[in-house]
Amino acid sequence: MSNPILVIGAGVAGMTAAIELADSGIKTVLVEKLQTTGGNALNLYKAFPTDDCFYCFEGNRWRPGIRKCFYRSALIDQPNLDLKMDCKVESITGPPGKFKVVLELGPQYVNPKKCTMCGYCLEKSKAFSLLSPQCQPQAVVYNPELKDDETKNAAEGCPTKAINLDAETSKETLTVSDIIIATGFHEMKPVNMDEYGYGTHPNIITQLELAQILDPNGPSKGAVLRPSDGVPAKRVMMVQCVGSRDENYYPYCSKICCIFALKHAKILTQERGDIEVGVVYMDIRTYDRYEEYYRETRKSGVEYVRGRVTRIDPQKDGSLDIIVYDSLLDKYLKFSVDLFVLSSALEPPSGSSTLIDTLGLSSASGFVGSIAPETEVVVGNHIYACGSALGPAEVPESVTQARAVVSKILQGRK
Ligand SMILES: Cc1cc2nc3c(=O)[nH]c(=O)nc-3n(C[C@H](O)[C@H](O)[C@H](O)COP(=O)(O)OP(=O)(O)OC[C@H]3O[C@@H](n4cnc5c(N)ncnc54)[C@H](O)[C@@H]3O)c2cc1C
Ligand code: SF4
Ligand code: SF4
């Protein structure tokens, strides 16, 4: 029998690859460093290009007809698929085709197979939480750093005895035939870019943070409120290319931030009442079918300003005055706004360079580099990559690449 295949990262790309391999009868181990699968797509609310909601992507196959299925999870119920959460790859040695992989697994405080999500522990102690209503596996998580006087009682009172507060880390060694890297991207937190004031005022946020505000399951249940005081936001200003196309940070274009900024502008103007939106940009890069977002948002009154943000002045009433140099009009403009949203660069996740070096791969600005354009998803002997691990990518592209990897592997096994 062939050795299993290892998929690193359980975002949409890794989940797709793992589920399709497992469905094809191949034993697959999917490791995820966090305590839930889904990656960056977990809390995005609506998804371009269709404006469908993101919820049912999680845990179900990427097939329209069965997206709404709540009871069947391809990740949990597929016998060929071994999902390991809170799991890190400690080392990879051995020859291609017979890689020896050592995994470090975090303590399994809550057994997801036993947790029925009854909510008892959540009511009792702050140390238990639900990462997202869409999380897979469907189970609460425990954070020992938030332990309080009621934690022990909460654990003892769990009706299914799903909680083990004494759980410890463990190690596991596997031999795998192939490795698929699906480690995705991270949204840069622009704390060092003084010109944008991120971290200095609660109403200066990133696009990923705005996505969580727009999410009906998010902290404000979808209401667009100023984080500083909970007052409804009426004016939102976005700024593009924060840290991207910038020699001091990331020289590349992050490719999808124009599109998700415009998706958010559309939701704000068309769904959430009379919110005014402005976008400060260098270039708007809405490639292919996404040009429609640009046309639609222009029609619905979004104000586009080509130029640079030069100053941010916080006001006593919680608003922000944004001074912008408009390069088309050659003059400075002042905008008074409630929320200032930064389209921050999409960077390689932490640990990416170690993985690239360990496997002897090439790097493309810190993401996994492919060896030749025509092979695209194949980056080495028995090593593949897909999705945003290869650089910022939208969901359809990530899923297509994951499927391309699976079909390459299946061809090789015939
Ligand atoms: C604000 C915003 C809005 C967006 N809106 C849309 C949209 O509307 N439509 C659309 O198509 N796309 C959208 N995207 C893009 C979408 O998020 C990506 O296409 C998608 O997340 C890519 O999936 P992925 O699996 O490649 O990577 P990720 O989602 O980044 O998943 C990677 C996974 O790997 C895990 N991981 C990383 N390193 C390791 C490691 N060493 N070991 C184990 N696990 C690891 C991570 O924890 C994560 O779970 C948006 C992105 C942002 C930031
Ligand atoms: S009490 Fe037990 S079953 Fe209920 S949510 Fe907590 S861990 Fe899950
Ligand atoms: S996609 Fe748009 S916002 Fe993002 S880096 Fe490229 S041009 Fe800038």
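First listed ligand is number 1; within each ligand, the first listed atom is number 1. Since this is a predicted model, take the numbers as computed values, not measurements.
- For ligand 1, the polar-atom distance check against Phe185 finds a nitrogen or oxygen pair separated by under 3.5 Å.
- Distance check, rounded to the nearest 0.5 Å: CD1 of Ile356 to CG of Leu361 gives 6.5 Å.
- Looking only at side-chain heavy atoms (C-beta outward), Pro396 and Pro49 come within less than 4.5 Å of each other.
- By the 4.0 Å heavy-atom criterion, Ser343 is excluded from the residues contacting ligand 3.
- Below 3.5 Å of separation, one finds no N or O of Ala211 facing any N or O of ligand 1.
- In summary, the atoms of ligand 2 found under 4.0 Å from a heavy atom of Met117, numbered by their order in the structure, are 5 (S), 8 (Fe).
- Using a cutoff of 4.0 Å between basic side-chain nitrogens and carboxylate oxygens, Glu187 and Lys189 are scored as salt-bridged.
- Between Phe367 and Phe185, the ring center distance fails the sub-6.0 Å criterion.
- Taking 4.0 Å as the cut-off between side-chain N and carboxylate O, Arg308 and Glu195 do not count as a salt-bridged pair.
- Without hydrogens or angle criteria, Asn203 side chain to Ser228 main chain gives a donor-acceptor distance under 3.5 Å.
- Residue Lys263 has at least one N or O atom closer than 3.5 Å to an N or O atom of ligand 1.
- Using a non-hydrogen distance threshold of 4.0 Å, Ser398 registers as a contact of ligand 1.
- Distances from ligand 1 to the non-hydrogen atoms of Lys46 include at least one value under 4.0 Å.
- Between Lys126 and Asp148 there is no salt bridge, since none of the side-chain N atoms of the basic residue sits less than 4.0 Å from a carboxylate O of the acidic one.
- At under 3.5 Å, a nitrogen or oxygen of Ala393, whether backbone or side chain, sits near a nitrogen or oxygen of ligand 1.
- Using a 4.0 Å cut-off between charged nitrogen and carboxylate oxygen, Glu292 and Lys266 do not count as a salt-bridge pair.
- Aromatic ring centres of Phe48 and Tyr290: separated by under 6.0 Å.
- Some N or O of Glu32 is nearer than 3.5 Å to an N or O of ligand 1, by distance alone.
- Ligand 1 has at least one atom lying under 4.0 Å from a heavy atom of Ile256.
- Heavy-atom proximity to Gly119, at under 4.0 Å, picks out these atoms of ligand 2: 4 (Fe), 5 (S).
- In summary, Cys257 places an N/O/S atom under 2.8 Å from atom 4 (Fe) of ligand 3, meeting the contact criterion.
- At the top of the distance list for atom 8 (Fe) of ligand 3, counting protein heavy atoms only, stands Cys241 SG, 2.3 Å.
- Counting only protein N, O or S atoms, the number found under 2.8 Å from atom 2 (Fe) of ligand 2 is 1.
- Here the two rings, on Tyr252 and Tyr250, have centers that are under 6.0 Å apart.
- Within the set Thr354, Ile259, Leu44, the minimum heavy-atom distance to atom 14 (N) of ligand 1 is found for Leu44.
- A salt bridge links Arg245 with Asp283: the distance from a Lys NZ or Arg NE/NH1/NH2 to an Asp or Glu carboxylate oxygen falls below 4.0 Å.
- If you check the side chains of Asp51 and Tyr293, you find a donor sitting under 3.5 Å from an acceptor.
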